[in-house]
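Read the numbers this way: they start at 1 and go in the same order the structure lists the ligands and their atoms. These figures come from a predicted structure and were not determined experimentally. Side chains included, hydrogens not; waters and symmetry mates left out as well; all remaining heavy atoms used.
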Amino acid sequence: MDEHQQPASNSQQSLRRQFVLFASNFFKHPKMLGSIIPSSPFLVRRMLGHVDWERTRVLVEYGPGIGTFTREILRQMHPDAVLLVIETNKDFVEYINSAYADPRMQVVHGSAADIQRVLGERGLGAVDYVIAGIPFSTLPAAMRESILDATRQVISPDGTFLLYQFSPNILPALRKTFSKVTREFEPMNFLPAHFYRCSP
Ligand SMILES: C[S@@+](CC[C@H](N)C(=O)[O-])C[C@H]1O[C@@H](n2cnc3c(N)ncnc32)[C@H](O)[C@@H]1O
């Protein structure tokens with residue numbers, strides 16, 4: 001290091017570690033991740049701006065990756081609320097467990113397709129919000145439908161499914177499964193994101 005270089009701060013090191021973890025997993029599993037970069041703060045803020053934190057007691061997150069949404073959910077959620085996160089990638093499960101340990105959070109290494117069984121095993125009832133960034137367009141059609149059906153069944157009658165995608169291809173399947181679908185668009189993200197709010 002020359003005399004003008006500063007040692008990297010802890011937060012810079014942590015950001016670098018997160019980026020390397022996410023990007024290296026993108027090269028291993030491009031279809032499962034769908035993006036080389038985690039979601040932007042603009043998208044996170046916009047999606048979570050629709051959550052009624054005061055009344056919410058059960059949240060589910062599908063595909064937290066390195067916890068871009070998870071961190072903000074934990075910051076805002078009620079002290080008595082429970083957050084269940086389900087992630088297929090073991091590296092991300094280990095990272096979430098080590099970086100965001102919180103007694104209100106339960107981390108499951110598995111697929112969103114198993115949501116009904118996982119909630120049942122944990123005695124968790126109807127879900128207020130399911131928040132998802134999993135790349136539905138690269139999933140096999142049967143898997144996509146089964147995750148959407150299971151999601152509709154676990155959400156409480158006044159609950160909401162919030163999801164973002166990089167293409168609008170999911171829209172017909174959402175409209176077929178949910179009674180009401182509202183669309184928004186967030187350009188300040190890599191890649192610009194289509195964002196949906198669905199009622200069961
Ligand atoms: C585009 S990344 C999103 C990461 C993070 N939520 C964000 O917004 O930055 C998609 C994540 O979904 C996970 N994933 C893909 N299919 C899944 C499934 N069926 N169940 C749970 N997680 C899944 C991937 O491993 C990856 O972590």
Are Tyr129 and Val58 packed together at the side-chain level, in the sense that at least one heavy-atom pair is separated by less than 4.5 angstrom?
no

Any atoms of ligand 1 less than 4.0 Å from a non-hydrogen atom of Phe92? List them with their elements.
27 (O)

Could you tell me whether some N/O pair between Tyr62 and ligand 1 is separated by less than 3.5 angstrom?
no

Arg17 atom CZ, neighbour heavy-atom count above 12 within 6.0 Å
no

Here the atoms of ligand 1 under 4.0 Å from any heavy atom belonging to Tyr164 are 1 (C), 3 (C), 7 (C), 8 (O)

Atom indices of ligand 1, in the order listed, that fall short of 4.0 Å to a heavy atom of Gly65:
4 (C), 27 (O)

Number the atoms of ligand 1 from 1 as they appear, then name those within less than 4.0 Å of a heavy atom of Pro38, with their elements.
9 (O)

Using heavy atoms and a 4.0 Å limit, tell me yes or no: is Pro64 in contact with ligand 1?
yes

Ligand 1 N/O within reach of Ala112 N/O, cut-off under 3.5 Å:
yes

Have a look at Tyr62 and tell me which of Thr151, Ile131, Val85, Leu163 forms a side chain to side chain contact (heavy atoms under 4.5 Å, CB included) with it.
Thr151

May I ask you to say whether Asp80 pairs ionically with Arg104, meaning some side-chain N is under 4.0 Å from a carboxylate O?
no

Mind checking whether Asn89 has an N or O less than 3.5 Å away from an N or O of ligand 1?
no

Under a 4.0 Å threshold between the charged nitrogen and the carboxylate oxygen, would Arg57 count as salt-bridged to Asp128?
no

I'd like the name of whichever of Val93, Ile96, Ile66, Ile86 reaches closest to atom 21 (C) of ligand 1 through any heavy atom.
Ile86

Minimal non-hydrogen separation, Leu84 against Arg122, with atom names
CD1-CD, 3.9 Å

Does atom CZ of Phe42 have more than 12 heavy-atom neighbours, drawn from other residues, nucleotides or ligands, at distances under 6.0 Å?
no

If you measure every N or O of Phe69 against every N or O of ligand 1, does any of those distances drop under 3.5 Å?
no

salt_bridge(Glu72, Arg45) N-O dist < 4.0 Å:
no

Thr68 contact mode with ligand 1 (heavy-atom cut-off under 4.0 Å)
side chain

Out of Gly133, Gly63, Ser111, whose heavy atom is nearest to atom 4 (C) of ligand 1?
Gly63

